[in-house]
Amino acid sequence: MDFRYDETTERLRERLRGFMAECVYPAEPVFSAQAREPDEPWTVPPVVAELQSEARRRGLWNLFLPGEHGAGLTNLQYAPLAEITGHCPWLAPVALNCAAPDTGNMELLAQFGSAVQRERWLEPLLEARIRSAFAMTEPAVASSDATNIATRVERVGDDYVINGRKWFVTGAMDPRCAIFIVMGRTDPSAPRHQQHSQVLVPRDTPGVTVRRGMTSFGYDDSDHGGHAEIDFVDVRVPVENLVGTEGSGFAISQARLGPGRVHHCMRLLGMAERALELMCRRVGERHAFGGPLAEQGVVRDWIAQARVRLEQARLLVLKTAWLMDTVGNRHAHTEIQAIKIAVPETVEWIIDRAVQAHGAAGVSQDTPLARLWSRARAVRIADGPDEVHRQSLARRELRRYRVETPSPARV
């Protein structure tokens, strides 16, 4: 493997670093102040629109999306750019129109949406004129096993009728969130992974009720639209709102989650890099027990381990991105699961050490560490808990060594 970034990637990395230094980092205190005192509940701070305008001017827009609708980058080209945005995950991705869940939803619409669906929903998403949400997780069932999803999507004439409750629908509290992609069961009698479908439900459809915003470790995440609990009661949408075909919900989800996991993991590595930098600066400035904290053996051990773990995790994610580009998501399945397991756990550990090095300041609002930690910890549940991915990955590994047991007739 050639570990050098190509010319396009290097050019965009330099441009993005300049944008971060000149625009994003200086905007962080403005963003925080505006988020505390919004004009309306759940609205995104106005400074975001200013940053988006500047990002477009600098050619840093929709970098995540391959093909004609986006910047045309491969997964391997976009991955190091996502890492840079991870240094400020609540502001940089949305400034570039590269924030989840819109990224996954735009990929889904670009790949599986009809021409009409792309014109109505994808185009305004690409322009950041609206936001979107992906409604999958449910409070009444263990959604770690996605086949449990119970929301019913029944065809009645030329409509689909939807009944169910979803929660942790990220971004749905934002008034600009205009469309939900809802995962529901269309055929309970079909094979297990062909029972579910995805349908587009406009926010203003009768029967859609946003009940409340959920918190994540006490954070309401209102700066990027929160996480909603939503009721769908006799919600009717035309059959033209079906994404793909009936029964293809799981296949579409897997296609959506592959690139998304690379994006999440690279942003997480950017979060860890920022935490490590903060830790190194802190321990160089603070003295305890007769000398700088930086001279304490345990602190140096944390720093060394953090660097080693970061480099290991980055190489694994870049290998995954390279495989997705060269042999496709299906053949990169093992690596996609591996990064989902390894990276959040690694990053959580690094941020936790940085918190410890900061003492009380590390859990306060005076550093970004507490917020970074909560995000890293939440990702170990989002897109499936670690244990599910470990179990699936182990099954695939064991399959390689399975020996057929001779039948009694052949003994």
Side-chain angles (χ1 to χ4, degrees), residues 79-80 82-90 92-93 100 144 216-219 221 257 260-286 288 292-321 334-394:
E83 179 179 347
I84 294 171
T85 66
H87 287 248
C88 182
W90 42 82
S144 56
S216 178
F217 288 103
Y219 292 100
D221 293 331
L257 289 175
R261 286 191 178 129
V262 170
H263 304 170
H264 274 310
C265 288
M266 291 304 286
R267 281 193 295 266
L268 281 164
L269 293 173
M271 291 162 53
E273 285 285 5
R274 187 170 189 185
L276 179 55
E277 177 186 347
L278 289 170
M279 175 163 59
C280 290
R281 293 185 183 280
R282 177 76 171 191
V283 299
E285 298 167 351
R286 289 282 168 142
L293 288 177
E295 293 182 2
Q296 298 287 338
V298 67
V299 173
R300 291 192 172 191
D301 182 68
W302 293 346
I303 292 169
Q305 286 199 57
R307 175 50 61 199
V308 171
R309 295 185 186 197
L310 256 172
E311 297 303 323
Q312 290 174 328
R314 181 181 292 111
L315 288 174
L316 180 57
V317 181
L318 291 176
K319 178 196 176 187
T320 304
T334 293
E335 285 76 12
I336 290 171
Q337 286 195 309
I339 61 175
K340 173 60 176 71
I341 296 165
V343 175
E345 191 173 64
T346 294
V347 171
E348 182 194 340
W349 184 91
I350 293 169
I351 298 171
D352 187 74
R353 298 284 81 75
V355 169
Q356 196 73 5
H358 280 73
V363 299
S364 77
Q365 71 271 40
D366 289 350
T367 79
L369 292 171
R371 200 172 187 181
L372 292 173
W373 182 90
S374 72
R375 290 201 173 210
R377 184 62 185 86
V379 173
R380 294 182 58 196
I381 299 173
D383 292 345
D386 296 352
E387 293 76 11
V388 171
H389 292 286
R390 286 193 178 99
Q391 185 177 120
S392 176
L393 189 55

Closest non-hydrogen atom pair between T85 and R267, with its separation: OG1-CG, 3.6 Å
Side chain to side chain, V262 and V317, heavy atoms closer than 4.5 Å: yes
Atom pair CG/CG of L393 and D386 - distance to nearest 0.5 Å: 12.0 Å
Sequence neighbours excluded - ring-ring contact (aromatic ring centres under 6.0 Å, His included) pairs with any residue from residues 295-317: none
Over 12 foreign heavy atoms within 6.0 Å of CZ, R281: no
For P344 against I341, the heavy-atom pair lying closest together: CD-O, 4.1 Å
Basic-acidic side-chain contact under 4.0 Å: E348, R353: no
R286 atom CZ, over 12 foreign heavy atoms within 6.0 Å: no
Close side-chain approach of Q391 and V388, heavy atoms under 4.5 Å: no
Check against side-chain contact (heavy atoms from CB on, under 4.5 Å), R377 and S216: CA-CA 10 Å; R377 184 62 185 86; S216 178; over 6 Å; no
Side chain proximity check, P89 to L372, heavy atoms < 4.5 angstrom: yes
Non-neighbouring partners of R300 that pass salt bridge (charged side-chain N to carboxylate O under 4.0 Å, His left out), sequence neighbours left out: none
Presence of salt bridge, E311 and R314, under 4.0 angstrom: yes
